[in-house]
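Data first, discussion second: the structure below is written as structure tokens.
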Amino acid sequence: MNALDYVNSLAEKSSGFVWRLQSDEGNATAFRPYGDDTLINLSVWKDVASLTAFVYKNPEHVVYMKRRREWFTHMKEAYMVLWWVPKGHRPTQAEAVARLAVLRARGVSPEAFTFKQAFDAPDAKQPGRPFAFGDICPA
């Protein structure tokens, strides 16, 4: 928690960052759609490549990624989901919960995907085409 403001500022300064969910306190820790034991992180990025670069290649963020097991309990089911949103749209917590439910129920699809198997944006030249970044987590 001590690094949360710093990590959020890293994201906001990163290429491709668009928006993140936050309360009046400036973070999303007050939002608990899964109950008191689970935090959420909801952000919008220009594309999957920009988000991947921040999460897995930004050396300042990777320091925290490598230590995540010290702070978070391992979850057996999917806990992270990606999906495309129209330009200018700010997804809600309910939308995120619904997309994660789709991923958990049906697996990877253009409606709900992961870093390992992402899909092109609907307005891409070949929309819905899957692609993979592979297992690039440095931790």
Side-chain angles (χ1 to χ4, degrees):
M1 291 299 293
N2 292 338
L4 186 58
D5 290 339
Y6 175 69
V7 171
N8 283 337
S9 72
L10 284 176
E12 291 172 348
K13 291 186 258 180
S14 294
S15 177
F17 175 85
V18 176
W19 170 88
R20 69 178 173 87
L21 176 68
Q22 55 186 305
S23 68
D24 291 339
E25 288 76 34
N27 61 56
T29 59
F31 304 118
R32 305 289 178 112
Y34 291 101
D36 289 341
D37 294 3
T38 306
L39 298 171
I40 65 167
N41 182 8
L42 179 58
S43 58
V44 175
W45 293 75
K46 178 184 171 193
D47 52 36
V48 179
S50 297
L51 177 58
T52 300
F54 170 69
V55 172
Y56 297 116
K57 296 178 182 171
N58 178 308
E60 293 174 275
H61 186 259
V62 168
V63 167
Y64 295 98
M65 286 292 292
K66 287 183 177 180
R67 296 185 61 197
R68 71 186 181 277
R69 288 174 188 86
E70 295 176 36
W71 306 306
F72 299 104
T73 303
H74 176 73
M75 297 178 73
K76 293 183 181 182
E77 60 187 338
Y79 58 88
M80 188 273 312
V81 63
L82 305 175
W83 74 95
W84 293 105
V85 298
K87 188 174 185 172
H89 178 67
R90 300 298 180 253
T92 65
Q93 294 175 68
E95 191 176 343
V97 167
R99 294 291 179 141
L100 185 56
V102 167
L103 179 66
R104 289 175 173 175
R106 297 187 222 153
V108 173
S109 69
E111 291 75 39
F113 50 90
T114 66
F115 283 113
K116 282 192 176 186
Q117 187 176 4
F119 286 80
D120 282 331
D123 60 352
K125 289 183 182 181
Q126 296 177 347
R129 182 180 57 84
F131 63 92
F133 283 101
D135 188 9
I136 58 172
C137 180

Do Arg32 and Leu39 have side chains that get closer than 4.5 Å, going by heavy atoms? yes

Rounded to the nearest 0.5 Å, what separates atom CG in Asn41 from atom CD in Gln22? 11.0 Å

Pairs involving residues 84-101, ordered by first then second residue, that meet salt bridge (Lys or Arg N to Asp or Glu O under 4.0 Å) (sequence neighbours left out): none

Is any side-chain heavy atom of Phe113 less than 4.5 Å from a side-chain heavy atom of Val48? yes

For Phe119, is there any backbone N or O sitting under 3.5 Å from a side-chain donor or acceptor partner on Trp84? yes

dist Met75:CE -> Met80:CE (nearest 0.5 Å) comes out at 12.0 Å

Is any side-chain heavy atom of Asp37 closer than 4.5 Å to a side-chain heavy atom of Thr73? no

Looking at Ala112 and Val81, what are the two nearest heavy atoms and their distance? CB-CG2, 3.7 Å

If you look at every heavy atom in Trp71 and Tyr64, which pair is closest and at what distance? CZ3-O, 3.5 Å

Under 3.5 Å, is there a donor-acceptor pair between the side chain of Thr38 and the main chain of Gly35? no

Pair listing, ring-ring contact (aromatic ring centres under 6.0 Å, His included) test, anchored in residues 14-53, at least two apart: Phe17-Trp45, Trp45-Phe54

First locate atom NZ of Lys13, then atom CG of Asn58, and finally report the distance between them rounded to the nearest 0.5 Å. 10.0 Å

Apply the test side-chain contact (heavy atoms from CB on, under 4.5 Å) to residues Val102 and Trp83: give CA-CA distance (whole Å), side-chain angles for both, the deciding distance (0.1 Å), then the verdict. CA-CA 11 Å; Val102 167; Trp83 74 95; over 6 Å; no

Between Ser50 and Ser15, the two heavy atoms sitting closest are CB-O, 3.4 Å

Check against side-chain contact (heavy atoms from CB on, under 4.5 Å), Val62 and Lys57: CA-CA 7 Å; Val62 168; Lys57 296 178 182 171; 5.8 Å; no

Shortest non-hydrogen contact from Ala28 toward Ile40: CB-O, 3.7 Å

Smallest separation among heavy atoms of Leu21 and Gln93, with atom names: CD2-CG, 3.8 Å

For Glu70, which residues count as a salt bridge (charged side-chain N to carboxylate O under 4.0 Å, His left out) partner, sequence neighbours excluded? Arg67

Closest approach of His61 to Val7 (non-hydrogen atoms, all atoms of both residues): CD2-CG1, 3.7 Å

In the structure I gave you, are the side-chain heavy atoms of Leu103 and Val108 within less than 4.5 Å of one another anywhere? yes

